[in-house]
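Please find one structure pasted underneath; my questions will follow.
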Amino acid sequence: MTRKVIVVNGPNLGRLGVREPDVYGHQDLETLRRDCTAWGRELGLDVEVRQTDDEAEMIGWMHRAVDERTPVVMNPAAFTHYSYGLSDAAHMVTDAGLPLMEVHISNPSARDAFRKYSVISPVATGTITGMGFYGYRLALEAVAHLLEQ
Ligand SMILES: O=C1C[C@@](O)(C(=O)O)C[C@@H](O)[C@@H]1O
């Protein structure tokens, strides 16, 4: 059976391709969507890529993931650094025994001081940073691996 996985992206990631291309690359969200869908297919995962600038919507997606038992790949974007609401919601996902892989396109630790701390990392299954879009592939591989355990 193909297992559904959601790949959720936080604020400003809808602007991939035009936002700081030196940091986030020249490829847009649509390309990320196509890449993740194709990688998922290879790994036997039915991947749905979402993006929102709205914290409440992202939190709602976590509640639904718990209810529907859906593993999560999450790039929380700026929510990473301050959203205790999203952190609590992400915690519910891993508490439910579901994988939640945190991904960052850049390496936030190597950037501004406010990016050095993640409120998501302490509750995530694992974190991948600094690998560009390829980090999402690594996160999907990790999810596929964890689902086989
Ligand atoms: O919006 C983002 C993107 C990001 O999560 C990344 O993918 O590298 C890193 C965050 O610090 C930043 O706020």
Side-chain angles (χ1 to χ4, degrees), residues 3-43 45-66 70-96 98-147:
R3 185 78 185 261
K4 181 175 168 176
V5 178
I6 54 170
V7 175
V8 302
N9 294 279
N12 302 307
L13 292 173
R15 303 292 293 163
L16 283 172
V18 287
R19 173 192 179 201
E20 296 183 84
D22 47 321
V23 176
Y24 299 113
H26 292 272
Q27 293 178 309
D28 62 8
L29 183 68
E30 204 36 57
T31 306
L32 180 67
R33 182 169 282 124
R34 261 187 274 119
D35 285 353
C36 286
T37 307
W39 291 329
R41 209 174 295 125
E42 276 176 40
L43 295 162
L45 303 172
D46 174 18
V47 173
E48 188 184 319
V49 178
R50 303 178 189 167
Q51 190 275 328
T52 184
D53 295 331
D54 181 343
E55 192 176 357
E57 185 171 28
M58 189 99 138
I59 290 170
W61 288 344
M62 295 307 101
H63 296 170
R64 225 163 68 215
V66 170
T70 309
V72 177
V73 171
M74 175 191 284
N75 184 342
F79 294 153
T80 308
H81 312 299
Y82 66 87
S83 175
Y84 296 111
L86 184 61
S87 175
D88 283 348
H91 199 182
M92 284 188 251
V93 175
T94 48
D95 253 0
L98 295 162
L100 183 146
M101 292 298 298
E102 177 187 7
V103 176
H104 298 283
I105 295 166
S106 69
N107 177 0
S109 312
R111 299 176 60 200
D112 321 75
F114 80 87
R115 295 183 205 277
K116 293 191 194 303
Y117 187 68
S118 165
V119 299
I120 304 298
S121 297
V123 300
T125 310
T127 302
I128 294 164
T129 70
M131 300 298 293
F133 281 13
Y134 189 65
Y136 289 79
R137 184 187 168 105
L138 297 174
L140 287 166
E141 282 181 18
V143 168
H145 171 75
L146 292 163
L147 292 176

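Worth saying up front: this structure is predicted, and the values here are computed from it rather than measured. Counting starts at 1 for both ligands and their atoms, following the listed order.
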query = Under the 3.5 angstrom rule, does the side chain of T125 hit a backbone N or O of L100 as a donor-acceptor pair?
reply = yes

request  = Provide, to 0.1 Å, the distance between atom 8 (O) of ligand 1 and the closest protein heavy atom, together with that atom's residue and name.
outcome  = S106 OG, 2.6 Å

query = Can you find a non-hydrogen atom of M74 under 4.0 Å from ligand 1?
reply = no

key: Which segment of V103 sits under 4.0 Å of ligand 1 when only heavy atoms are counted   = neither

request  = Count the heavy atoms of every other residue, nucleotide or ligand shown that sit under 6.0 Å from CZ of R50, and state whether that count exceeds 12.
outcome  = yes

remark   = So the atoms of ligand 1 within less than 4.0 Å of a heavy atom of A78 turn out to be 1 (O), 13 (O)

ask   = Short list, please: which atoms of ligand 1 are under 4.0 Å from a heavy atom of N75?
value = 4 (C), 5 (O), 6 (C), 7 (O)

ask   = Closest non-hydrogen protein atom to atom 11 (O) of ligand 1, residue and atom name please, with distance?
value = H81 NE2, 2.7 Å

message = If you apply the rule side-chain hydrogen bond (donor to acceptor under 3.5 Å, both in side chains), what do you find for Y24 with N12, and how did you get there?
response = CA-CA 11 Å; Y24 299 113; N12 302 307; over 6 Å; no

task = Starting from atom 4 (C) of ligand 1, find the nearest protein heavy-atom neighbour and note its residue, name and distance.
result = H104 ND1, 3.7 Å

key: Nearest non-hydrogen protein atom, atom 6 (C) of ligand 1   = I105 N, 3.4 Å

ask   = Should M74 and V93 count as side-chain neighbours, where that means a heavy-atom distance under 4.5 Å?
value = no

query = Do the non-hydrogen side-chain atoms of R137 and M131 ever get within less than 4.5 Å of each other?
reply = no

ask   = Hey, does N12 sit under 4.0 Å from ligand 1 if you only count heavy atoms?
value = no

query = Is there a side-chain contact between Q27 and L32, using heavy atoms and a 4.5 Å cut-off?
reply = no

message = Could you check whether any side-chain heavy atom of I128 comes within less than 4.5 Å of a side-chain heavy atom of E102, counting everything from C-beta outward?
response = no

inquiry  = Students should be able to answer this: which protein heavy-atom is nearest to atom 12 (C) of ligand 1, and at what distance?
reply    = R115 NH1, 3.2 Å

